[in-house]
Every structure is written in C-alpha cells, then in structure tokens.
K.L.:
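First the structure, then my questions, so here it is.
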Protein chains: 2
Amino acid sequence: MAKQIPDIVIGRLPVYLRALQQMKQEGRQVTSSQELGERLGISAAQIRKDLSQFGEFGKQGTGYNIEYLANQVREILKVNRSWDVIIVGAGDIGRALAGYNGFSERGFKIRGIFDNNASLVGSKQGEFTISDSKTMKEVIQTSGIKIAMIAVPAGHAQQVADQLVEAGIRAILSYAPVNLNVPAGVRVQNIDPSIHLQRMTYYLE
Amino acid sequence: MAKQIPDIVIGRLPVYLRALQQMKQEGRQVTSSQELGERLGISAAQIRKDLSQFGEFGKQGTGYNIEYLANQVREILKVNRSWDVIIVGAGDIGRALAGYNGFSERGFKIRGIFDNNASLVGSKQGEFTISDSKTMKEVIQTSGIKIAMIAVPAGHAQQVADQLVEAGIRAILSYAPVNLNVPAGVRVQNIDPSIHLQRMTYYLE
DNA sequence: CGTTTATTGTGCAACTAAACACAATAGGGG
DNA sequence: CCCCTATTGTGTTTAGTTGCACAATAAACG
C-alpha cells in the first residue's frame, strides 16, 4: 500500500484548490509555490512538500500551470466529479445552504432537503421542495448518497446522525453545536460559529 | 513573559467548553479527562496536558468539577464576559446568523447587521434593523467593537475586511469563500462549506 | 486508620510536521 | 549555444505535538 498521507495535508488541499480556481478566474496561466504561499499565508516549502506527496506537478524555473494543477488537486480530492449531497433541517441554515449556488463548481450537487416539521414539508425552498424526514433513508439508499449536511437543532443532531449513518451516509458536515459520535469509517466536520469566535477571543485585548 | 501557548491547544479549548456546558445542562457535577476524551474523541492525556498549561483544575482520584472547570476555561478564553459582534452582509447567511440565539450563552452579543444594498437598509431582521454599511465604521469605533462576521459575496469580502480592520476590528469570522489578507495582529477564521466537504471526499469510496 | 480504587499532573520518549537549503533544470537573452 | 535567473522536488535538520507511564494523592470503604 502507498504511503499514508497526513490528514493535515489533505486539509490544506481544498484551500490550495480554491486559490487556484480564483487565479484562473483572474485569467492567470501559471503560478509558483512562492506566490501561492504569499496569498495563503503558508510557506512555499510547505506547499511544494504537500504537493510532492502526490506527484510532480511543476516545472523547475517556471512554476505550476494553474489549470493543470487545479485538475490534479481535484483528482486527488476526488472532486473531479460531482457528489450528491442532502441537507437535513430546513431552518434558517438549511435554507441558506439550499440557496447557495457555490456548491456546483466545487464538486457537489444538492439532491434534497428534509425536515420533520409537517408544516414545512411540501413547501418550496428555491428550486427544492422540502421532503419529509421519513423518506430520507429511501432517498439515500436508492441514490447511493454518501454525504449529508446536518442543520437541525443541537438536541436532534445525534439522532439524525445515527439515522444518516444507518442509511449509508459516510461524510457529515454538521452545523449543530454538539459533538457527534459516529462509527469508524464515517467522517464528520463541524461548523459552529461560537467555537470559531472563541478561538479568537483568547488573542484579543 | 509566560510560556507561549500553542494555537492548536487554544483551538481545542472551545470544544472542551462546549462539552462541559452540555454536561452541566445534563445535570452532571463532575467529570474526568477520560470521560471527556471519550465524548470528544480525544485522548485523556491530551486533555490533561492541555489544561495543565493554564493551571491545576482537577483533583486526583475525583476528576474535575464541571462548573468550576467551565468557568476557568471561559476565563482563559476571555469569554467570561460578553463580546460585541457585528454582522456585515444581510443575505441568507447574515440573516441566519442574526436570528441565531446561540451566541449569548457562549459570550457574544450581536450589535448590528449591515448591508450596502439600499433596498434592504431599514428593514427589520428579527430584532435587528439592517443598517447602511456607510455607518459601520462609526458604530465600530463609538462602541469599541473588536469582532465582526463577514457574510458578503466573495468578490466584496476583501474590501469589507479592509474597511473593518481600518475601523478597529481585530477578529473576523468570514463566511466568504476566499482567502482574506489582513495585517498582523488581526485574526481570521474561515467557514466555507465546500472546503469542509472537500476535506472529506478524499476518504470516500 | 489502613487499603483499595480512581484519577490527576507531568517528565520523558516517540512521533509528526515544518523549515531549511541546495542540486537539478527549464527557459529566456545575448 | 552558453550563461543567468527562477523555481522545483527533496534530503536533512529543527521544532512542535502526542502518547506513555507513573508518582502523588483524594476519597471511599471496611
């Protein structure tokens, strides 16, 4: 088996990719580890070493072709294709996620939004109709969906996560401000604005 | 000067605090590094070592008093008081943030929401009235606000960040999917759902 | 009041990550 | 075609982080 890549390296690749996509949109053709590093506040050596884990993508003296490198990183991250995603919870956050058009160009397609509140089920939310949570499992399994975003109140999140995992979900992005416990093999990422803010207050004043 | 605490340790403290607050709400009085670690998927030794950077908060044989430890962590993170925060951008995300009641019990108070779209200015958003971005600087300076959340389109985020920093903001939580460049002494945290999702797809399939 | 159990705080060892520094070399200019 | 400049990929070194293991000790129990 190939050498195990550190997760911290994987975590930086999406940031590199976002910067490359932006450079491309600016009409740029090539860049260097140094320029990329300056934009991102990361050392050039680290960028080179991260990329070298996966192959040789640059040219000495010249740097990296932006489009080529972006495609290589997409391939590494497996976002050179489109992943189906569902949203659970049609409150403010769920609806904001459903209305966000940034997913498609980054490798994701929203396939549905679910809620267990009967008064919301059936109503339109942008291009989506809110579905009953009871139908979630069937949708996940018939479409083979592997990724879900949880946007339900903290008190329901663990129960929702359990249902999702049981239905076959393998990656969860949770907006609920609680720690989720999931079996090995299921990945979880958390977004909790208070946590992010508290991480900065230590340094203030 | 006291020993420099690693940022990675600071980053775990809010997670510990959230778990402690939850335990308290469950009516619990004491816990141990082991129990906390199991809940959070972190080794007990790491939790003990992290906390030991700041003092001795536990009792051998017994563990930690939950309320006491939570208060100590709040003090370390400087969230044993309330920080004023403003929101810039009154789109879906800005409005969801304005309507979220989770901030107050975690040390933050939303002081205003700003947008430069004249057709939004003046309209009510929950308990807040959307203000014109032109008035932002004055509000920041007269109230001495240090923290802002950016929820504007990617193309405007850098410019908004520049204005905020110039007005005196020292910590920014950005929901815009771009890298912000800020001077030393200003902290930035980014929330970009695509980045979080792309960090997981590597491990799928 | 001694024994047992649980659990902390920490020195040290092991591991992981970042930075340094340089040989190799692509491409441009004369 | 040779020299110069820019820049990669990587071996080595340095720095940072985590885990191990245990002495110290608090509390419970008989």
Side-chain angles (χ1 to χ4, degrees), chain A residues 1-16 19-20 23 28-73 76 184 199 202-203, chain B residues 1-16 19-20 23 28-73 76 184 199 202-203:
Chain A
M1 182 182 135
K3 179 169 57 343
Q4 174 74 19
I5 310 287
D7 181 63
I8 195 161
V9 173
I10 302 302
R12 282 189 292 260
L13 294 182
V15 180
Y16 300 165
L20 290 166
M23 283 177 177
R28 308 279 314 285
Q29 304 274 315
V30 295
T31 186
S32 65
S33 60
Q34 180 164 49
E35 187 193 32
L36 207 43
E38 274 163 17
R39 274 209 196 200
L40 299 176
I42 292 177
S43 84
Q46 179 156 82
I47 291 173
R48 292 203 301 278
K49 188 147 268 183
D50 284 352
L51 295 174
S52 77
Q53 304 262 3
F54 303 96
E56 309 197 352
F57 306 120
K59 262 191 197 160
Q60 284 160 332
T62 310
Y64 301 92
N65 177 288
I66 290 172
E67 179 147 27
Y68 174 72
L69 181 58
N71 281 329
Q72 294 296 306
V73 176
I76 294 164
R199 204 185 163 141
Y202 174 80
Y203 298 98
Chain B
M1 183 181 134
K3 181 166 57 345
Q4 175 74 18
I5 310 287
D7 181 63
I8 195 161
V9 173
I10 301 301
R12 283 189 292 260
L13 294 182
V15 180
Y16 300 165
L20 290 166
M23 283 176 177
R28 309 280 313 284
Q29 304 274 315
V30 295
T31 186
S32 65
S33 59
Q34 181 164 49
E35 186 194 31
L36 208 42
E38 274 163 16
R39 272 209 197 200
L40 298 176
I42 292 178
S43 85
Q46 179 156 82
I47 291 172
R48 293 203 300 278
K49 188 149 271 184
D50 284 352
L51 295 175
S52 75
Q53 305 261 2
F54 303 96
E56 308 197 353
F57 305 121
K59 263 191 197 159
Q60 283 161 333
T62 311
Y64 301 92
N65 176 288
I66 290 171
E67 179 149 25
Y68 174 73
L69 182 57
N71 282 329
Q72 294 296 306
V73 176
I76 294 164
R199 201 182 165 141
Y202 174 80
Y203 298 98

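Values in this document were obtained by computation on a predicted structure and should not be read as measured data.
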K.L.:
Heavy atoms, side chains only, cut-off 4.5 Å: are B:Val9 and B:Lys49 in contact?
P.N.:
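They are not in side-chain contact.
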K.L.:
Examine D:dG9: is either OP1 or OP2 under 4.0 Å from a nitrogen or oxygen in the side chain of A:Tyr64? Give yes or no.
P.N.:
yes
K.L.:
Round to a whole Å and report the spacing from CG of B:Leu69 to P of C:dT8.
P.N.:
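It works out to 10 Å between those atoms.
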K.L.:
Kindly say if B:Thr62 contacts the phosphate of C:dT7, meaning a side-chain N or O under 4.0 Å from OP1 or OP2.
P.N.:
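Negative; the distance criterion is not met.
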K.L.:
Any donor-acceptor pair under 3.5 Å joining the side chain of A:Gln60 to the base of D:dT7?
P.N.:
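Donor-acceptor pair under 3.5 Å: no.
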K.L.:
Locate the shortest heavy-atom distance separating B:Tyr202 from A:Ile76; write the atom from each residue and the value.
P.N.:
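It is CD1-O, 3.3 Å.
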K.L.:
Can you tabulate the close N/O pairs, meaning under 3.5 Å, that link protein atoms to atoms of nucleotides 15-19 of chain D?
P.N.:
from   : atom 1 : to      : atom 2 : distance (Å)
D:dT18 : OP1    : B:Arg12 : NH1    : 3.2
D:dT18 : OP2    : B:Arg12 : NH1    : 3.2
D:dT18 : OP2    : B:Arg12 : NH2    : 2.8
D:dT18 : OP2    : B:Gln46 : NE2    : 3.0
D:dT18 : O5'    : B:Gln46 : NE2    : 3.0
D:dG19 : OP2    : B:Ser43 : OG     : 3.1
D:dG19 : O6     : B:Lys49 : NZ     : 2.7

K.L.:
Rounded to whole Å, how long is the line connecting atom CD of B:Glu35 with atom C1' of C:dA6?
P.N.:
13 Å
K.L.:
Which nucleotide wins on minimum distance to the side chain of A:Ser52, given the candidates D:dA26, C:dT10, D:dT10?
P.N.:
D:dT10
K.L.:
Of all heavy-atom pairs between A:Phe57 and A:Gln72, which one has the smallest distance, and what is that distance?
P.N.:
CE2-OE1, 3.4 Å
K.L.:
Between B:Arg48 and C:dT8, is there a contact of a side-chain N or O with OP1 or OP2 at under 4.0 Å?
P.N.:
yes
K.L.:
Any side-chain heavy-atom pair from A:Ile5 and A:Phe54 closer than 4.5 angstrom?
P.N.:
yes
